[in-house]
Amino acid sequence: MKVLVPIKRVIDYNVKVRVKPDNSNVDLANVKMAINPFCEIAVEEAVRLKEAGTATEVIAVSIGNKSCQEQLRTALALGADRAIQIETDENLDSLNIAKLLQKVVEEEQPQLVVLGKQAIDSDNNQTGQMLAALTGLPQGTFASEVKVEGDKVNVTREVDGGLQTVALNMPAIVTTDLRLNEPRYASLPNIMKAKRKPLAVKPASDFGIDLAARTKLVKVTPPATRQAGIVVETIDELVEKLKNEAKVIS
Amino acid sequence: MSILVFAEHDNSTLKAETLKTVAAAQAIGGDITLLVAGYNCQSVVDAASKVNGVSKVLVADNASYEHQLAENVSLLVLELAGDYEHIIATALTTGKNFMPRVAALLDVTQISDIIAVESADIFVRPIYAGNAIATVQSLDSKKVITVRATGFDAVATDGNAEVVTLDIATDANISSHVSDELTESERPDLGAAGVVISGGRGMQNGDNFKLLDGIADKLGAAIGASRAAVDAGFVPNDMQVGQTGKIVAPDLYIAVGISGAIQHLAGMKDSKIIVAINKDPEAPIFQVADYGIVADLFDALPELEGKL
Ligand SMILES: Cc1cc2nc3c(=O)[nH]c(=O)nc-3n(C[C@H](O)[C@H](O)[C@H](O)COP(=O)(O)OP(=O)(O)OC[C@H]3O[C@@H](n4cnc5c(N)ncnc54)[C@H](O)[C@@H]3O)c2cc1C
Ligand SMILES: Nc1ncnc2c1ncn2[C@@H]1O[C@H](COP(=O)(O)O)[C@@H](O)[C@H]1O
């Protein structure tokens with residue numbers, strides 16, 4: 001069975017992004033970029049399925065400009081077999097990303113598509129669910145465990161009250177949560193090997209989809225900043241302040 | 001204009017966040033219908049009919065909605081969607097799960113996690129873990145929106161809406177519920193509590209979280225955690241506060257043994273008062289804390305409990 005893993009190039013999670021002075025967007029010039037952490041978990045899960053003999057091929061796909069090839073190479077170094085870049089300079093809305101991915105699913109016919117639950121730049125948390133809707137497939141979102149059993153996949157999901165397990169007919173869509181696995185580091189030999197693995201590039205305009213924007217970014221502003229408060233010396237002082245100054249306890 | 005709001009519940013209780021989501025709908029302006037989809041959920045319907053600002057409650061009480069599987073609920077909302085310009089749910093795990101599915105079925109994109117409404121088609125939402133705030137205009141004919149509850153003040157509950165029972169059962173027959181492993185707790189919900197006390201990696205193990213219990217008892221607080229504490233297995237996943245966990249904004253947030261990574265701050269920095277207990281004076285959490293105390297938590301917590 002094939003596993004398809006859509007990955008996104010995003011700002012490194014350690015970097016605190018800044019807003020441009022003209023409020024048009026955030027400033028990504030010279031900022032360290034990386035594979036979205038949830039996508040890294042998705043790649044790891046797919047590679048483990050292959051190592052366990054459940055999957056036969058792992059395909060990574062990314063939609064973006066040429067620079068996302070860097071993250072596709074990372075996925076290849078982590079164990080994906082081949083990669084597809086869908087080339088566009090636009091920052092596409094999730095629905096359009098999902099429509100492009102739908103075409104890839106139709107072409108590749110994977111049994112599982114594993115996405116991140118959320119891209120840490122847009123914080124949208126929606127592409128996997130949209131892809132599931134467009135393909136008519138079931139979805140196991142926010143997965144902390146994925147077990148393939150015959151023609152079904154059991155997905156344990158992190159939900160507000162704890163954990164929920166659902167059984168999905170395959171093919172199915174899974175989105176990863178943080179505790180699904182701990183991604184490996186790419187070894188130097190695997191990084192070298194990844195350079196020779198196939199990476200196909202297809203222009204987004206070749207897919208025959210109307211990719212017109214669904215949203216308009218009006219402006220981006222910095223968040224309200226909090227003033228650092230005071231350091232108290234004793235618990236007595238803390239309790240006194242909470243009671244009489246902040247008035248949040250009685 | 002007509003707005004459909006999805007009621008968040010567990011078949012017995014209407015979640016407090018729904019009252020805030022209705023407030024977001026009021027900010028958009030229009031006739032508000034609340035949808036209760038569940039199974040044996042009459043008590044939720046009763047509570048829903050009292051939510052102020054709601055003119056009608058639609059009830060889909062059917063076994064196919066018992067676990068609110070996205071595949072089934074999205075088909076239900078799709079059937080109803082024709083009558084509404086805005087379809088809104090709370091950005092909790094149920095809404096986050098099925099709403100994008102609704103959006104794609106309607107061929108629109110979703111505006112996720114809004115914290116403010118500028119107009120019927122312009123919304124404000126945090127991006128990059130709350131390090132930037134985006135104002136976004138939806139160009140789609142229908143707006144599918146999830147609401148971050150902490151951005152809105154709850155509406156009152158002395159209303160009296162008309163209740164209409166729907167005769168619909170949509171079962172996609174492609175997924176089924178296997179089991180739940182829910183965390184039992186006598187404490188208030190993280191999202192609804194006025195006081196939250198959270199522990200981080202500094203707590204060292206799950207047992208030590210008991211040190212937070214006495215304080216939580218005295219303050220009527222919910223207990224939360226950082227990702228590091230959840231990953232280490234100290235506490236269950238549903239206690240994680242942060243960019244990718246729960247978003248809270250209580251009157252008082254006490255961070256114990258938590259360094260204050262941006263992903264954690266994203267989930268709590270809108271709290272009214274923040275207290276940090278940390279032995280490292282350089283910990284970033286002190287940059288957002290109203291009151292910080294540089295101390296070993298194993299000394300500070302018992303003393304704090306005693307003095308409350
Ligand atoms: C994609 C992604 C998503 C994430 N999402 C989240 C999220 O939603 N929520 C979240 O919390 N994190 C999240 N993180 C993780 C985040 O980056 C941090 O790693 C995490 O918040 C650190 O947890 P911590 O503060 O408990 O641990 P640490 O950073 O290890 O801090 C422990 C603190 O405890 C203090 N301490 C230790 N012993 C004592 C003592 N005896 N007395 C007093 N103080 C003591 C130390 O001084 C230190 O400051 C995410 C990360 C990624 C990559
Ligand atoms: N440009 C993209 N290319 C490939 N996959 C993407 C892209 N954008 C989003 N995804 C996938 O969708 C997931 C969720 O993203 P989002 O819905 O934007 O939060 C990501 O973790 C990726 O797996």
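So you know, we letter chains A, B, ... as the sequences are listed, proteins then strands, and number each from 1. What's counted below: heavy atoms across the whole structure, side chains too, no hydrogens, waters or symmetry copies.
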Heavy-atom distance under 4.5 Å to chain A: side chain of [X], backbone, both or neither?
X: B:Q263; answer: side chain
X: B:Q240; answer: side chain
X: B:I274; answer: both
X: B:K272; answer: both
X: B:T183; answer: both

A:T141 side chain to B:N97 side chain, donor-acceptor N/O pair below 3.5 angstrom
yes
Heavy-atom proximity to chain B below 4.5 Å, by part of [X]:
X: A:I120; result: both
X: A:V15; result: backbone
X: A:E237; result: neither
X: A:A98; result: neither

So do B:K15 and A:D160 actually touch side chain to side chain, heavy atoms under 4.5 Å?
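A:D160 vs B:K15: side chains touch.
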Is a side-chain donor or acceptor of B:E71 paired with a backbone partner of A:Q139 at a separation under 3.5 angstrom?
yes
